[in-house]
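Every chain is numbered from 1, with letters handed out A, B, ... down the list of sequences. Just so you know, these numbers come straight off a predicted model, no measurement behind them.
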Amino acid sequence: MNNPGIAGMLHQLADYLEIEGENPFRVNAWRRAARAVENSRIPVVDMLDRLENLPGVGKGTAAVIREMATTGTAQVLEDLKRRIPPGLPVLLGIPGLGPKSLHLLHRELGISDLRDLVQAAEEGKIRNLPGFGVKKEQKLLEAIRKLGSRPNRRLLAEARQLADVVLRKLAGHPAVVRIEPAGSLRRGKETVKDLDFVVATEHPKEAGEAILAVSEVKEVTAKGDTKITVELEADGIRMSADFRLVAPEKFASAWLHFTGSAAHNVRIRQRAKELGWKVSEYGISDDRSGEERTFASEEAFYRALGLPYIEPELREDQGEFEAAEQNGLPDLIRPDDVRGDLHMHTVWSDGAETVYEMAVAARERGYEYIAVTDHSRSLRVAYGLSVDELMKQWEEIDRVNRELEGITVLKGAEVDILADGSLDYPDEILERLDVVIASVHSRLGLDEETMTDRILRAIKHPYVHIIGHPTGRLLGRRDPCKLDLDRLFRTAADTGTILELNADPRRLDLGDQLLRRACEEYGTLFVISSDAHSSAGLDRMAYGVITARRAWLEKRNVLNTLPLAELRKRLRKGRP
DNA sequence: GCCGTTTTCGGCCCGACTGTTTTCAGTCG
């Protein structure tokens with residue numbers, strides 16, 4: 001039983017209890033426990049004797065987690081399942097329908113699944129329930145119609161793209177003093193559910209009108225004096241967005257509040273409370289004097305609580321407060337620390353541009369070096385290079401290096417790890433390459449032991465520098481390969497093999513949690529690579545850097561922050 | 001159900017919006 005599985009069951013348990021009308025604080029306790037399991041970087045099956053160390057896990061939840069980990073379920077959960085129809089909890093996913101209403105619908109109308117609910121609404125039975133009316137009934141049907149019509153979460157890059165369109169349109173408006181994105185987009189989570197914007201304004205009415213006038217606003221969900229919720233759509237990406245309107249002097253407090261995460265905010269509030277203060281999204285007030293304080297910046301807000309500035313990517317209540325108190329916050333890697341990009345494709349395989357064009361584009365981005373790493377011969381779908389073609393490409397790379405000043409092009413390859421763990425070019429070719437990335441592109445469904453052995457063989461290979469997109473996941477589309485990651489991380493650290501953080505927003509592989517685990521527990525080294533297939537693709541590096549920051553990585557953990565000469569020394573591995 | 005150097009009880013973030021009410025309940029983040 002893995003962590004996501006156990007966390008899922010705990011959430012399920014919370015849902016059932018909520019529908020039964022259980023005390024909301026108790027329900028929340030189960031949710032907290034679920035999040036603690038989700039966020040634990042150690043599999044809980046490996047820490048069954050010290051589960052109570054997890055935040056929000058006490059005796060009761062620990063016992064249930066233990067039961068789930070060993071038997072695959074828990075008696076309390078099974079009992080609830082027997083009492084409550086299985087079709088009911090999924091209805092909590094309908095926007096606007098919460099546990100209280102669901103409880104009422106079940107009790108009064110005997111509704112036990114989606115079909116019952118639609119039927120009752122269409123027959124006009126719901127409008128007569130206390131607290132309901134015609135409008136709520138209609139909204140419910142509307143929400144059900146929209147259900148599943150779009151993905152629940154979008155890729156970080158898609159969210160960023162949509163947000164940028166809106167930001168560009170509103171930033172210059174006379175009623176808008178400042179507008180910034182907040183929420184999980186600002187924290188750089190790999191997927192984003194909805195967008196949050198904080199708007200500083202002296203004229204909320206005009207600012208609100210400006211927001212509604214943006215052509216990407218397709219629907220207004222809610223509109224008040226300080227908060228507007230809309231549906232945005234551009235380039236086929238549709239997302240819900242909240243705009244919060246605040247006076248300029250309250251902007252910093254609101255930005256902090258709406259950046260979250262919720263767990264981080266809880267800690268902020270607790271901390272303020274210990275000092276006799278109360279935090280709201282508008283600032284800090286003194287419990288006794290009632291005095292209100294606002295802040296010119298987030299830095300000032302944190303300072304008032306006796307804390308150093310905490311970067312948005314760290315605000316997950318994953319140890320950032322403890323680190324801050326001990327002056328141990330990481331000096332996070334920054335975009336301009338990156339000196340080169342070691343994974344990209346050209347027209348030689350499945351890329352869109354030439355070696356020269358990629359080199360020029362990389363130089364424009366301030367890079368000192370790149371590695372051209374086209375696919376190897378077995379990857380037919382991506383026009384993988386034969387040995388002959390590879391050697392011809394070297395001539396072209398030599399030519400580009402002679403012609404171009406200010407950037408060095410390294411000879412590389414993204415070599416397939418074949419099903420048995422052997423590599424797709426002979427050793428005498430690999431030996432002559434500056435950068436060898438070994439990646440799995442086929443037979444992704446092998447069992448854990450076979451897959452682990454396969455990748456370990458590549459990691460131990462003397463000419464392999466980097467393991468590309470180590471888990472093979474595609475966000476929202478393909479699960480990670482089954483792998484013994486601890487063995488993989490340990491072996492990579494022992495052999496000096498570098499793990500890739502592939503910055504393709506569909507991959508972000510390794511992801512933030514695994515990066516942090518590999519770094520903190522094994523001291524593994526990383527490169528961040530764009531895996532670009534065109535010059536525009538080089539800009540995906542930004543998503544890699546933000547993911548690295550979420551993993552608490554510093555410049556020293558990431559080798560493509562090194563100057564070329566030092567990088568070359570690090571790439572010596574296995575060579576005489 | 002969890003938590004705690006104001007600790008074994010009594011809190012647990014709290015403000016905004018909608019639709020139902022006619023002062024508030026439910027939902028959301």
Asks: Consider the side chain of F25(A), meaning its heavy atoms from C-beta on, and name the nucleotide among dT20(B), dC14(B), dG1(B) that approaches it most closely.
Replies: dG1(B)
Asks: From C-beta outward on D242(A), which listed nucleotide comes closest to its side chain: dC12(B), dT20(B), dG29(B)?
Replies: dG29(B)
Asks: Hey, does the side chain of R26(A) come within less than 4.0 Å of dG1(B)'s phosphate (OP1/OP2), counting only N and O?
Replies: yes
Asks: Cut-off 3.5 Å, side chains only: do D235(A) and Q161(A) have a donor facing an acceptor?
Replies: yes
Asks: Could you state the atom-to-atom distance from CG of L51(A) to P of dC3(B) in whole Å?
Replies: 12 Å
Asks: Which of the following nucleotides, dG1(B), dT27(B), dG15(B), is nearest to the side chain of E281(A)?
Replies: dG15(B)
Asks: Examine dG15(B): is either OP1 or OP2 under 4.0 Å from a nitrogen or oxygen in the side chain of K278(A)? Give yes or no.
Replies: yes
Asks: Mind calculating the distance between CZ (F258(A)) and C1' (dG29(B)) to the nearest angstrom?
Replies: 8 Å
Asks: Rounded to whole Å, please give me the gap between CZ in R186(A) and P in dG29(B).
Replies: 20 Å
Asks: Please pick, from dC13(B), dC2(B), dT20(B), the nucleotide with the shortest atom-to-atom distance to any side-chain atom of K135(A).
Replies: dT20(B)
Asks: Measure the acute angle between the ring planes of F489(A) and Y522(A), then classify it against the limits of 30° and 60° as parallel, tilted or perpendicular.
Replies: tilted
Asks: If you compare every side-chain N and O of K193(A) against the phosphate oxygens of dG29(B) (OP1, OP2), does one of them come in below 4.0 Å?
Replies: yes
Asks: Counting Watson-Crick and G-U wobble pairs only, both distances under 3.5 Å, name the nucleotide matched with dT8(B), or none.
Replies: none
Asks: Does OP1 or OP2 of dA16(B) have a side-chain N or O of Y282(A) closer than 4.0 Å?
Replies: yes
Asks: Is there a donor-acceptor pair under 3.5 Å between the side chain of R550(A) and the backbone N or O of D512(A)?
Replies: no
Asks: Between H257(A) and Y282(A), does the ring centroid distance fall short of 6.0 Å?
Replies: no
Asks: Out of dG1(B), dC3(B), dT20(B), which nucleotide sits closest to the side chain of R32(A)?
Replies: dC3(B)
Asks: For dG19(B), does OP1 or OP2 lie under 4.0 Å from any side-chain N or O of K139(A)?
Replies: yes
Asks: Let me confirm one number: the NZ-OG1 distance from K227(A) to T221(A), rounded to the nearest 0.5 Å.
Replies: 9.5 Å
Asks: Whole Å only: how far is the CG atom of N28(A) from the P atom of dC3(B)?
Replies: 12 Å
Asks: Tell me, which of residues 207-230 of chain A have any heavy atom that sits under 4.0 Å from an atom in DNA chain B?
Replies: A222(A), K223(A), G224(A), D225(A), T226(A), K227(A)
Asks: What residue among E180(A), E313(A), E298(A) forms salt bridge (Lys or Arg N to Asp or Glu O under 4.0 Å) with R186(A)?
Replies: E298(A)
Asks: Hey, does the side chain of R315(A) reach the backbone of I310(A) with a donor-acceptor pair shorter than 3.5 angstrom?
Replies: yes
